[in-house]
Amino acid sequence: MQSINKEQPLSISVKQLTEGETNLISSLANISALIHSHWSTVSFWCGFYLIYENQLVLGPFQGPVACTTIQFGKGVCGKAWEKKETIIVKNVHQFEGHIACSSKTNSEIVAPILANGEVVGVLDIDSEQFDAFTSHHQKELQLICANIATQFFS
Ligand code: SME
């Protein structure tokens, strides 16, 4: 494992962090820790849900305890799964069907991990700030998810 260069894009640091790693769970644990610390001003909760038996199941994360399962199309995570798209929610209180794992969350971003056109999991970040996430976060998370798909699901 190398030391992290804070000047480079987060997605590059994540790629370097997991280079040569073969275990999905330990890599996702380190990725969630790196994102959470790198974006500490916006990240209240950062983690993964992975698809098992046709539902999203809580995976490695950083932050307070969270809901363990999410169904297809439900909440922001289930919608990102259904749409196969990244979803940015500026104000979760205005998102119909939002699943509130914590009452402290005010905005959220969820990026799907797509392998061969199918969603195998999602990467979710919650913020205590309203409107915390930008196209920059979206771009970086999509690169991180694409890298996870290539390294562990191809
Ligand atoms: N808010 C998410 C649920 C997961 S937690 O935020 C960790 C949702 O609506 O899908």
Side-chain angles (χ1 to χ4, degrees), residues 4 9-11 13-15 17-18 21 23-149 151-153:
I4 302 304
L10 178 59
S11 54
S13 300
V14 167
K15 195 158 192 249
L17 180 69
T18 60
E21 298 290 339
N23 186 276
L24 173 67
I25 298 301
S26 61
S27 295
L28 296 187
N30 265 342
I31 292 170
S32 66
L34 182 56
I35 296 171
H36 192 61
S37 65
H38 191 90
W39 285 342
S40 58
T41 53
V42 290
S43 180
F44 167 70
W45 190 96
C46 170
F48 293 91
Y49 283 87
L50 298 171
I51 294 178
Y52 288 109
E53 297 172 346
N54 208 35
Q55 60 183 352
L56 287 167
V57 178
L58 183 63
F61 69 94
Q62 297 275 308
V65 295
C67 342
T68 51
T69 57
I70 298 172
Q71 307 307 314
F72 182 76
K74 302 294 180 191
V76 187
C77 292
K79 273 277 177 265
W81 176 11
E82 184 182 336
K83 291 182 150 193
K84 299 183 178 178
E85 283 172 8
T86 301
I87 299 179
I88 293 177
V89 182
K90 294 179 176 190
N91 179 348
V92 296
H93 311 289
Q94 291 175 354
F95 187 95
E96 207 185 317
H98 172 254
I99 301 165
C101 292
S102 167
S103 57
K104 289 187 172 177
T105 295
N106 286 314
S107 65
E108 182 163 359
I109 183 169
V110 180
I113 302 169
L114 282 158
N116 303 315
E118 293 304 317
V119 176
V120 294
V122 300
L123 171 49
D124 179 15
I125 308 180
D126 293 352
S127 184
E128 289 182 278
Q129 296 171 31
F130 288 97
D131 201 5
F133 301 106
T134 64
S135 58
H136 169 71
H137 297 102
Q138 175 170 355
K139 190 176 140 232
E140 287 297 300
L141 291 191
Q142 285 174 344
L143 287 169
I144 291 166
C145 288
N147 190 54
I148 292 168
Q151 192 172 349
F152 295 103
F153 293 93

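The figures here come from the full heavy-atom set of this structure, side chains too, leaving out hydrogens, waters and symmetry mates. Numbering starts at 1 and runs along the sequence shown. Counting convention: from 1, in listed order, for ligands and their atoms alike.
Closest protein heavy atom to atom 1 (N) of ligand 1: I99 O, 2.7 Å. Shortest contact from atom 8 (C) of ligand 1 to any protein heavy atom: V76 N, 3.3 Å.
Taking a cut-off of under 4.0 Å to the non-hydrogen atoms of W45, the atoms of ligand 1 that pass are 7 (C). Ligand-side atoms of ligand 1 in range of C77: 8 (C), 10 (O), range being under 4.0 angstrom from any heavy atom. Taking every heavy atom of C101 and a limit of under 4.0 angstrom, the matching atoms of ligand 1 come to 3 (C), 4 (C), 5 (S), 7 (C). Taking every heavy atom of D124 and a limit of under 4.0 angstrom, the matching atoms of ligand 1 come to 4 (C), 5 (S), 6 (O), 7 (C). Annotation for ligand 1: atoms under 4.0 Å from non-hydrogen atoms of D126 are 5 (S), 6 (O), 7 (C).
Under 4.0 Å from ligand 1, the heavy atoms of E108 that appear belong solely to its side chain. Contact annotation for F61 and ligand 1: no heavy atom of the residue comes within less than 4.0 Å of the ligand. At a heavy-atom distance under 4.0 Å, no atom of T105 approaches ligand 1. Contact annotation for I70 and ligand 1: only side-chain heavy atoms (C-beta onward) come within less than 4.0 Å of the ligand.
Note that the SG atom of C67 and the CD1 atom of I99 stand 6.0 Å from one another [nearest 0.5 Å].
Counting only distance, with no hydrogens or angles, the side chain of K90 and the backbone of S107 share no donor-acceptor pair below 3.5 Å. At least one donor-acceptor pair closer than 3.5 Å links the side chain of Q129 to the backbone N or O of T41.
Under the side-chain hydrogen bond (donor to acceptor under 3.5 Å, both in side chains) rule, T86 has a single partner from K139, H137, Q142, which is Q142.
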Can I148 and I31 be said to form a side-chain contact (heavy atoms from CB on, under 4.5 Å), step by step? CA-CA 10 Å; I148 292 168; I31 292 170; 3.9 Å; yes
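Of the N and O atoms on the side chains of Q151 and T18, at least one donor lies less than 3.5 Å from an acceptor on the other residue. E21 and S27 form no side-chain donor-acceptor contact under 3.5 Å, judged by distance and modelled atom types alone.
Where the criterion is an N or O separation shorter than 3.5 Å, residue side chain and backbone included, H98 meets it with respect to ligand 1.
Within the structure, ligand 1 lacks F95 among the residues with a heavy atom less than 4.0 angstrom away.
Of the charged side-chain nitrogens involved, none lies within less than 4.0 Å of a carboxylate oxygen, so that E82 and K74 do not count as a salt-bridged pair.
Counting non-hydrogen atoms of other residues, nucleotides and ligands closer than 6.0 Å to CZ of F130 gives a total above 12.
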